[in-house]
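Numbering of ligands and ligand atoms starts at 1, following listing order.
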Amino acid sequence: MINLYLERLELREIELPLKSPFETSFGCTTQRRILIVRIFDRTGASGYGECVAAEGPFYNHETVDTAWLITTKYVAPLLTRAQVKNAAQVNAALSPIRGNRMAKAGVEAAVWDLEAKLAGRPLWQHLGGVREEIACGVSIGLQETTEALIDKVTRELEAGYQRIKIKIKPGRDVQLVAAIRSRFPTITLSVDANSAYSLNGDRGVIKQLDEYNLLMIEQPLAPGDLVDHAKLQREIKTPICLDESIVSLADALHAHELGSCRIINIKLGRVGGHTETRLIQAYAFEHGVPVWCGGMLEAGIGRAHNIALSTLPGFTLPGDVSASARYWDEDIIDPPVTVSEKGTIKAPTGDGIGYEVNEARIEALTVRRETVRLE
Ligand code: OSB
Ligand code: MG
């Protein structure tokens with residue numbers, strides 16, 4: 001393979017309003033602030049990444065502003081010093097930085113896109129993907145009323161999505177699931193609590209949820225509570241899926257050995273990039289733990305990276321990666337991501353992320369920019 005010579009990193013913040021507010025147990029998002037990373041090599045070729053840090057430190061500790069600082073002040077200098085020659089070296093080059101995995105992942109992903117483009121093949125193939133089509137589900141936020149929720153579920157099922165996930169929080173959980181189940185007794189349904197419950201305080205509610213034939217209960221307890229998740233998993237038949245708790249291969253290994261979950265949600269940003277994603281999926285695959293790709297309300301570049309990684313062998317469950325039109329009036333890639341009637345997305349055939357990045361639209365949406373040299 002040809003060597004990479006990275007020349008500069010260009011960071012931008014764009015503002016993109018969501019079509020409708022997205023509410024979880026930790027808060028409500030109406031407008032996204034999104035960091036776009038573009039990395040150029042000496043020949044002028046470039047690759048794109050999207051940093052999935054949110055506006056506030058509520059899903060995890062990172063934010064758009066911390067990711068900006070970490071990227072320009074620490075990630076770029078480490079990358080410069082390491083003189084990486086290929087994308088697989090970026091993860092190790094950035095390992096001196098603790099945490100801040102979303103900041104690292106935005107940059108790492110851009111290098112992977114660049115490398116795949118230089119190699120002249122789709123990123124999904126470059127990463128070792130094995131399927132040309134990925135299975136899609138949707139994540140539906142908390143709604144004003146139960147009727148509004150049922151309406152949304154109905155529409156997403158009509159669109160063909162293979163799995164419905166709803167957000168829950170204490171006080172808005174069992175009755176929502178019961179309402180959906182009485183209307184749709186057999187659909188593939190799961191819930192995501194984003195760490196809103198505690199083992200001792202909420203055992204009763206979780207045991208009630210256990211009676212609704214859910215595909216999984218995602219992240220019921222706090223991110224650090226692998227031991228409590230293991231206790232809970234022994235008490236319920238529904239598989240626990242961990243999201244926030246798993247930020248590395250080591251976490252996946254510990255969670256599996258403790259019995260803290262039976263399913264893992266992998267997010268590119270949360271785990272720090274494509275290299276860590278591949279390590280986690282390979283470990284999970286070897287140990288019979290299904291994985292799926294989560295979402296962070298990404299614009300098109302992040303969505304394209306999610307599509308690519310979802311083609312890896314372990315990704316056997318429908319993910320949260322869905323159509324651009326569910327989020328945005330107009331995405332920042334061409335064509336936008338679309339979903340077939342059977343609830344699938346076709347992996348693109350073009351080089352790298354495989355979607356054209358709409359540079360004019362990004363320019364028009366940019367509110368902040370900075371360029372850092374990498375040589
Ligand atoms: O926990 O999966 C989550 C969105 C923001 C933060 C955390 C989560 C989510 C989602 C939405 O569930 C997934 C998506 O549609 O992008
Ligand atoms: Mg989640």
Side-chain angles (χ1 to χ4, degrees), residues 16 18-34 50-64 67 101-102 105 134-143 149 152-153 156 159 161-169 173 189-197 214-223 229 239-247 251 255 261 263-271 291-307 309-310 317-328 331 336-337 339 343 345:
L16 210 53
L18 281 167
K19 269 187 171 179
S20 50
F22 190 79
E23 187 179 347
T24 68
S25 63
F26 60 79
C28 188
T29 309
T30 53
Q31 159 116 348
R32 291 287 346 268
R33 295 172 57 196
I34 295 170
E50 180 176 323
C51 174
V52 301
E55 295 70 28
F58 309 117
Y59 165 79
N60 73 352
H61 64 281
E62 295 190 76
T63 72
V64 174
R101 289 172 189 266
M102 291 173 170
I134 66 163
C136 307
V138 288
S139 173
I140 301 178
L142 289 158
Q143 304 294 310
L149 176 63
K152 279 229 163 178
V153 171
E156 304 295 12
Y161 286 103
Q162 298 183 16
R163 182 227 62 197
I164 301 292
K165 151 175 145 183
I166 64 162
K167 293 292 189 178
I168 56 167
K169 73 176 193 179
D173 39 43
L189 180 65
S190 69
V191 295
D192 186 358
N194 288 111
S195 302
Y197 297 85
L214 298 173
L215 178 65
M216 68 189 85
I217 300 177
E218 184 175 342
Q219 198 68 43
L221 312 178
H229 276 110
I240 290 175
C241 168
L242 291 177
D243 173 347
E244 286 91 324
S245 291
I246 309 295
V247 307
D251 287 342
C261 66
I263 298 173
I264 295 175
N265 164 333
I266 296 183
K267 289 180 181 166
L268 182 66
R270 196 192 67 229
V271 307
V291 303
W292 55 279
C293 183
M296 291 294 291
L297 311 176
E298 288 91 347
I301 294 168
R303 206 162 288 281
H305 279 281
N306 287 343
I307 293 166
L309 71 87
S310 299
L317 289 169
D320 278 349
V321 186
S322 58
S324 299
R326 293 189 62 248
Y327 306 81
W328 324 111
D331 206 333
V337 173
V339 169
I345 296 172

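Judged by distance alone, with hydrogens and angles left aside, the side-chain atoms of Gln143 form a donor-acceptor pair with the main-chain N or O of Gly141 at under 3.5 Å. Although no hydrogens or angles enter the test, the distance criterion places no donor-acceptor pair under 3.5 Å between the side chain of Ser324 and the main chain of Pro336. Side chain of Ser25 to main chain of Ala196: no donor-acceptor pair is present (N/O by atom type, distance under 3.5 Å, no hydrogens or angles).
Between the CD1 atom in Ile345 and the CD1 atom in Ile307 there is a gap of 4.5 Å [rounded to 0.5 Å]. The structure places NE2 of His305 at 12.5 Å from OG of Ser310, a figure rounded to the nearest 0.5 Å. Note that CD of Gln219 and CD1 of Ile217 are 12.0 Å apart. Values are rounded to the nearest 0.5 Å.
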Exercise answer, ligand 1 polar atom pairs (N/O) under 3.5 angstrom:
from     : atom 1 : to     : atom 2 : distance (Å)
ligand 1 : 1 (O)  : Lys167 : NZ     : 3.0
ligand 1 : 1 (O)  : Asp192 : OD2    : 3.0
ligand 1 : 1 (O)  : Asn194 : ND2    : 2.7
ligand 1 : 1 (O)  : Asp243 : OD2    : 3.1
ligand 1 : 1 (O)  : Lys267 : NZ     : 3.4
ligand 1 : 2 (O)  : Lys165 : NZ     : 3.1
ligand 1 : 2 (O)  : Asp192 : OD2    : 3.4
ligand 1 : 2 (O)  : Asp243 : OD2    : 3.4
ligand 1 : 2 (O)  : Lys267 : NZ     : 3.0
ligand 1 : 12 (O) : Ser139 : OG     : 2.8
ligand 1 : 12 (O) : Lys165 : NZ     : 3.4
ligand 1 : 12 (O) : Lys167 : NZ     : 2.9
ligand 1 : 15 (O) : Tyr327 : OH     : 2.5
ligand 1 : 16 (O) : Met296 : N      : 3.3
ligand 1 : 16 (O) : Leu297 : N      : 2.9

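Excluding waters, the set of protein N, O or S atoms lying under 2.8 Å from the Mg ion (ligand 2) comprises Asp192 OD2, Glu218 OE2, Asp243 OD2.
Between Glu244 and Asn60, the side chains place no donor N or O within less than 3.5 Å of an acceptor N or O (distance only, hydrogens not considered). A side-chain donor-acceptor contact under 3.5 Å links Ser322 and Tyr327. A donor and an acceptor atom, one from each side chain of Glu55 and Thr63, are nowhere located under 3.5 Å apart.
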